[in-house]
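These notes concern the structure reproduced below.
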Amino acid sequence: MKIKQLQLEEFGPYRNWSFTAGQKGVQLIYGANESGKTSLLEGMRTILFGGKAKGYATCIGSMIVEHEGHDYYIGRHQKRLDFYPLGESPITQEPAAYWWHGLSKKTYNRIFALTLADLQGVQIVQEVDVRTRFFGAEGGESLSAVVQNIEKASQELLVTSVNGKRKINRLVEALQQNQSRIAELSAHEVTYRQLQQQLDNTVLTERELLDQLQERQEYIHSIDLVLQAWETYGRAEEAKKQISMLASVKQLERDRFLALDRELNQCREHMQIWRDKEAGLMPDHFSPQSPLGIYAQDIEELYQEVSKWDQLRKECKQGEAYLEKVQEQLALSQTLHSAWRSDVPMDTDINWYEGERLANQLRIATANYEQWQAREPVLPKELEGHEVVVNGSPRPTVSPEAVQDIRRAYAALQDVRADQKGWTSKRKWWLKVTTVAWGIAAIGIFMVLLGAALAMMPLWIGIALLVIGISGGLYSYWQGHRASTNQQDMAVSVAHKETALRQLAQHYEVPMPTSEADLQEIERTRAVTASMTQDVTLMKAHAYQELCAHWREEGKTLEGVKAEALRAWQHWLPAAARRTLVDTDFFAMKQEYDRYLEQLHLFKGYERRMEEHRAALNAIEERAHTLWDNVGMKTAVIPSEMRRLYRLLKEFRQKKIRWEQKESQRKNFREEFDQWNRKEKDVLLAQDELIQRSGLQSAAEYRQQLLRYDQLKQWETIYHQSRIQLDLIAKQDDNPDILYRRLREGNYDKWVSESKHNADEVAIVEQKLADLYEKRGTITEAMRTLADDVVLANTLQEREALESELSEALEEWATQVFMHHAMDLAQREYEVHSRPHMLSLASDYVSSLTNGQYTLEQDRIEETVYVKDCHGQRKDSRYWSSGLGDQVYLALRLALATSFSERVEPLPLVLDDILVRFDQDRQEQALSLLRRIGATQQVWIFTCQRELLAMARKQEGIDTYVLEDQNVVALS
């Protein structure tokens with residue numbers, strides 16, 4: 001199969017992205033880090049096999065693939081699959097089930113889609129899915145199908161479920177119903193059933209105890225053999241291990257070799273002196289001890305907090321502006337406050353309870369005084385038209401002009417009171433608007449803080465609400481203050497108008513009118529004549545005079561009470577407000593004061609939050625200042641400079657890699673080094689001649705052979721003697737393989753404990769058997785005494801029939817289970833015979849990757865792999881270098897993929913930065929091998945190495961591309 005075109009509508013960072021593959025077998029795509037290579041690889045896997053990709057919420061995409069000469073469309077829209085040959089009807093199956101015998105995405109990822117982290121070792125060949133798919137192929141799958149059919153047949157007999165309806169489940173249920181019927185019989189029948197059950201239980205118990213006894217005795221015998229052979233086996237295994245390690249040792253020329261070795265050490269000591277001086281050389285324009293390298297970790301950590309730094313700076317700036325506006329508003333409130341209470345700070349605690357009490361007292365006194373004025377004595381009708389002397393002075397007649405003056409003054413007073421009432425209503429309405437506006441501003445502050453914490457849309461909504469709330473609050477506050485000022489002006493005007501009306505009434509010696517009825521009463525009395533008729537009785541005149549005197553005395557008393565209440569109220573008021581505020585302004589003053597305190601509380605709370613933000617910002621900036629000083633930066637400490645510093649760190653790391661590569665290749669030595677080097681070569685030539693005569697490869701190997709030769713002879717003797725003793729012990733066991741497996745897997749203390757434990761268990765079982773035989777005799781005797789019962793006998797016969805049928809079904813089920821186990825062993829045996837072909841391919845790939853230096857072999861006893869060099873020397877995995885290990889693991893993965901291609905179909909190989917740890921030679925060899933594999937199946941290579949891109953462009957059979965910001969550019 002070959003991928004011809006890929007389309008990603010929505011996947012990770014990709015949106016409406018498409019790519020058309022070239023005609024060559026290998027497609028190499030270069031992209032820098034964070035350019036989207038891993039997301040592209042995961043998108044290809046997800047479209048092929050479906051499922052949910054970890055870390056990617058949405059998958060919408062498609063690809064066109066070529067399969068057996070036909071083009072197919074595979075599309076994914078989340079869980080929906082679109083799969084059909086171009087121009088034909090859709091296919092409802094998954095591509096993996098339709099083409100590749102149900103190959104799973106997990107198995108595909110383990111074999112065909114490789115990243116650097118996937119090169120984990122040779123354990124891949126032991127995984128169950130890999131064994132079935134790649135070592136079994138068609139035959140292995142057939143065996144797997146047989147095993148599954150046998151397992152299904154066993155499940156047709158029995159399922160482990162309470163509600164199961166299989167044959168054994170039905171028999172067990174019928175047997176339970178039979179036992180229930182027996183339980184319903186008479187007392188004798190119940191007794192007989194119980195005795196029969198007990199008797200049956202004793203038979204089963206006897207069988208179980210005898211089986212346990214035999215099993216325990218056999219197990220004790222086998223453990224005794226293990227204990228006898230334990231020390232001998234351990235000695236033999238140690239000898240075998242040492243022999244395998246010393247297998248290639250032979251006798252060599254010791255004295256000549258040691259003399260040459262001493263001369264070599266002398267040469268190398270002098271060479272080391274000049275090598276150390278050469279190591280002190282440093283290329284220009286680069287220092288590996290740069291502060292960028294020393295403080296790289298600090299730069300990385302601070303770079304992770306750049307976004308938080310930016311956000312804190314922005315929030316602190318916005319918060320300062322908001323606090324400044326609120327401070328201006330508070331200053332305005334304090335200015336208004338000073339207009340009536342300049343001698344007391346606005347945040348001072350004021351006794352509003354006392355003020356409210358004095359205001360109520362003044363209103364009551366004023367109301368009582370006005371009621372007294374309304375109760376002025378009325379001249380009796382008998383005295384109308386006569387001059388009545390009151391306290392020695394005549395009461396003048398009210399003229400029409402005086403009535404008109406009083407009416408005009410009263411009308412002016414009513415107009416001013418109407419205006420005062422209108423401004424009071426307006427002030428209350430604007431106070432409500434102000435409350436709503438500040439509520440909107442509070443909601444805006446909350447959403448700004450929520451948006452700043454979550455970096456979400458509520459931040460902008462909160463800012464908009466905050467601006468609207470503050471603007472509306474300031475405007476409504478200004479309107480309310482204007483209404484309050486006009487209300488106060490109207491209050492002063494009302495006081496003036498009342499004073500003028502009161503003075504006019506006093507001038508004309510009439511009661512002060514408080515309503516239209518009072519005016520009508522004044523008009524009614526204006527026609528009083530200058531004197532009373534002489535025939536009015538003196539008694540009525542004298543009574544009227546006493547009533548007026550009493551009324552005047554009451555007025556003096558109420559006027560004194562009102563004056564005292566006014567004095568107490570003005571004493572509570574500050575001096576600045578005594579001329580402008582009256583008792584009706586008390587609640588407006590208190591409401592203004594409460595609103596100021598509430599606004600001040602909100603200001604202080606927001607100011608505390610801003611202090612926390614400033615503290616967090618200062619902590620980050622202090623770290624930044626310290627980092628700036630450490631690396632020697634003289635620029636401003638801002639997030640943009642932190643990003644520039646991080647880019648400098650990345651450039652420094654790239655320069656360091658180039659410096660190390662250049663420095664590792666320096667081979668110019670000084671003249672003194674050359675002199676000792678020539679002498680070393682002469683000695684090495686002599687040593688090489690000696691080594692070549694011995695057939696070895698190096699001096700270290702020669703030296704090791706000298707030390708290990710004697711050890712080899714000793715261990716061979718120990719191993720031969722131990723094997724003879726083990727063979728004698730193994731003849732006593734029926735199954736020697738079990739004996740050897742226990743020796744390999746257990747430990748001595750465990751088997752000693754097992755032997756003692758089983759001996760105790762044997763004694764317990766023997767005692768249980770003795771007790772059981774005694775109990776059986778008692779039950780048999782009791783059953784003989786019970787009367788014969790037909791129903792009970794039939795029921796018992798039915799139970800015996802059910803038990804017999806159940807026994808046959810259980811035997812059949814056990815047979816199926818045994819067959820399942822046997823077929824599973826057969827499948828494993830088939831896999832063992834199929835595996836060498838894959839390992840042969842892997843060995844060929846290892847040889848290609850190592851330029852013929854190594855081949856891959858398998859240890860059939862330990863089921864592990866090792867490499868063998870061109871001289872036939874074995875090299876176990878624990879001695880592999882990291883580069884050789886990656887080459888071997890890559891060869892195994894490629895061999896598995898090739899094996900699948902030969903048996904089923906060649907699937908595309910997708911490799912993500914797997915050659916990053918290879919040097920240049922190994923990369924060239926790997927590209928050559930992948931190009932060879934690309935001739936039969938498509939290979940995709942993703943890399944971040946420009947050197948690998950340049951290397952691939954020089955080779956035939958490879959299409960190269962550059963991935964930049966999710967855009968692919970083909971290179972010729």
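Excluded from the calculations below are hydrogen atoms, water molecules and symmetry mates; all remaining heavy atoms, backbone and side chain alike, are included. Residues take their numbers from the sequence shown, with the count starting at 1.
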Can you check whether Glu857 reaches Val867 side chain to side chain, under 4.5 Å on heavy atoms?
no

Could you tell me whether Gln920 atom CD has more than 12 heavy atoms of other residues or ligands within 6.0 Å of it?
no

Quick one: does any side-chain atom of Gln5 pair with a main-chain N or O of Ser18 as donor and acceptor, under 3.5 Å?
no

Run the numbers on Arg953 and Ile958 for side chain to side chain contact (heavy atoms under 4.5 Å, CB included), then give the verdict.
CA-CA 7 Å; Arg953 294 183 63 187; Ile958 301 179; over 6 Å; no

For Arg45 and Val910, what are the C-alpha separation, side-chain angles and deciding distance, and is it a side chain to side chain contact (heavy atoms under 4.5 Å, CB included)?
CA-CA 9 Å; Arg45 299 176 182 175; Val910 185; 5.8 Å; no

Within the structure provided, determine whether Met63 and Gln7 are in side-chain contact (heavy-atom separation under 4.5 Å).
no

Could you tell me whether a side-chain N or O of Gln887 sits under 3.5 Å from a main-chain N or O of Leu849, the two making a donor and an acceptor?
yes

With a 4.5 Å limit on heavy-atom distance, are the side chains of Leu40 and Leu6 in contact?
yes

Taking the side chain as C-beta and beyond, is there a heavy-atom pair between Lys2 and Pro908 under 4.5 Å?
no

Output yes when a side-chain donor or acceptor of Arg931 lies under 3.5 Å from a complementary backbone atom of Glu956, and no otherwise.
yes

At what distance, to the nearest 0.5 angstrom, does CG of Asn851 lie from CZ of Arg922?
11.5 Å

Quick one: does any side-chain atom of Asp71 pair with a main-chain N or O of Leu86 as donor and acceptor, under 3.5 Å?
no

In short, Tyr72 meets Pro85 closest at the heavy-atom pair CE2-CG, 3.4 Å

With a 4.5 Å heavy-atom cut-off, do Ile914 and Tyr889 have their side chains touching?
no

Can you check whether Arg15's main-chain N or O pairs, donor with acceptor, with Glu9's side chain at less than 3.5 Å?
no

Sub-3.5 Å donor-acceptor pair from the side chain of Asp913 to the main-chain atoms of Cys944, do we have one?
yes

Minimal heavy-atom distance between Leu41 and Phe942, with the atoms involved, is CD1-CD1, 4.3 Å

Would you give the length of the straight line joining atom CG of Leu841 to atom CG of Leu892, rounded to the nearest 0.5 angstrom?
11.0 Å

Under a 4.5 Å cut-off applied to non-hydrogen side-chain atoms, are Val962 and Leu949 in contact?
yes

Out of curiosity, Phe652 CZ to Leu645 CG, how far, rounded to the nearest 0.5 Å?
12.0 Å

When rounded to the nearest 0.5 angstrom, what distance separates CD in Glu66 from CD1 in Ile64?
11.5 Å

Considering only heavy atoms from C-beta outward, does the side chain of Pro95 approach that of His67 to under 4.5 Å?
no

Rounded to the nearest 0.5 angstrom, the CZ-CD1 distance for Phe11 and Ile60 is 11.5 Å

Sole candidate of Arg643, Arg313, Arg623 that passes salt bridge (charged side-chain N to carboxylate O under 4.0 Å, His left out) when paired with Glu305
Arg623

Can you check whether Gly31's main-chain N or O pairs, donor with acceptor, with Lys37's side chain at less than 3.5 Å?
yes

So Val631 and Asp298, side chain to side chain contact (heavy atoms under 4.5 Å, CB included) or not? Walk me through it.
CA-CA 11 Å; Val631 301; Asp298 296 340; over 6 Å; no

Under a 3.5 Å threshold, yes or no: a donor from one side chain and an acceptor from the other, between Tyr14 and Ser39?
no

Closest non-hydrogen atom pair between Asp310 and Pro639, with its separation
OD1-CG, 3.0 Å

Could you go through the side chain to side chain contact (heavy atoms under 4.5 Å, CB included) check for Leu911 and Leu930 one step at a time?
CA-CA 10 Å; Leu911 312 177; Leu930 292 173; 3.8 Å; yes

Under a 3.5 Å cutoff, is there a donor and acceptor pairing between the side chains of Gln923 and Glu947?
no

Is it true that Tyr845 and Thr898 share a donor-acceptor pair across their side chains at a distance under 3.5 Å?
yes

What is the distance from atom CD of Gln937 to atom CE of Met1, rounded to the nearest 0.5 Å?
10.0 Å

Is any side-chain heavy atom of Ile620 closer than 4.5 Å to a side-chain heavy atom of Leu302?
yes

Could you check, using the six-membered ring where one of them is a Trp, whether Trp880 and Tyr854 have ring centers closer than 6.0 angstrom?
no

Where Ser843 and Leu856 come nearest, the two heavy atoms and their spacing:
OG-N, 3.1 Å

Which pair of heavy atoms, one from Ser848 and one from Gln925, lies closest together, and at what distance?
O-CB, 3.9 Å

Testing Phe83, Tyr84, Phe49 one by one against Ile74 for a side chain to side chain contact (heavy atoms under 4.5 Å, CB included), which residue passes?
Phe83

Looking only at atom types and distance, does a side-chain atom of Arg76 sit under 3.5 Å from a main-chain N or O of Leu48, one as donor and one as acceptor?
yes

Parallel, tilted or perpendicular, judged at 30° and 60°: which one describes the rings of Trp17 and Phe19?
parallel

What are the two closest non-hydrogen atoms of Gln945 and Leu915, and how far apart are they?
OE1-O, 3.5 Å

State whether the number of non-hydrogen atoms from other residues, nucleotides or ligands found under 6.0 Å of Lys650 atom NZ is greater than 12.
no

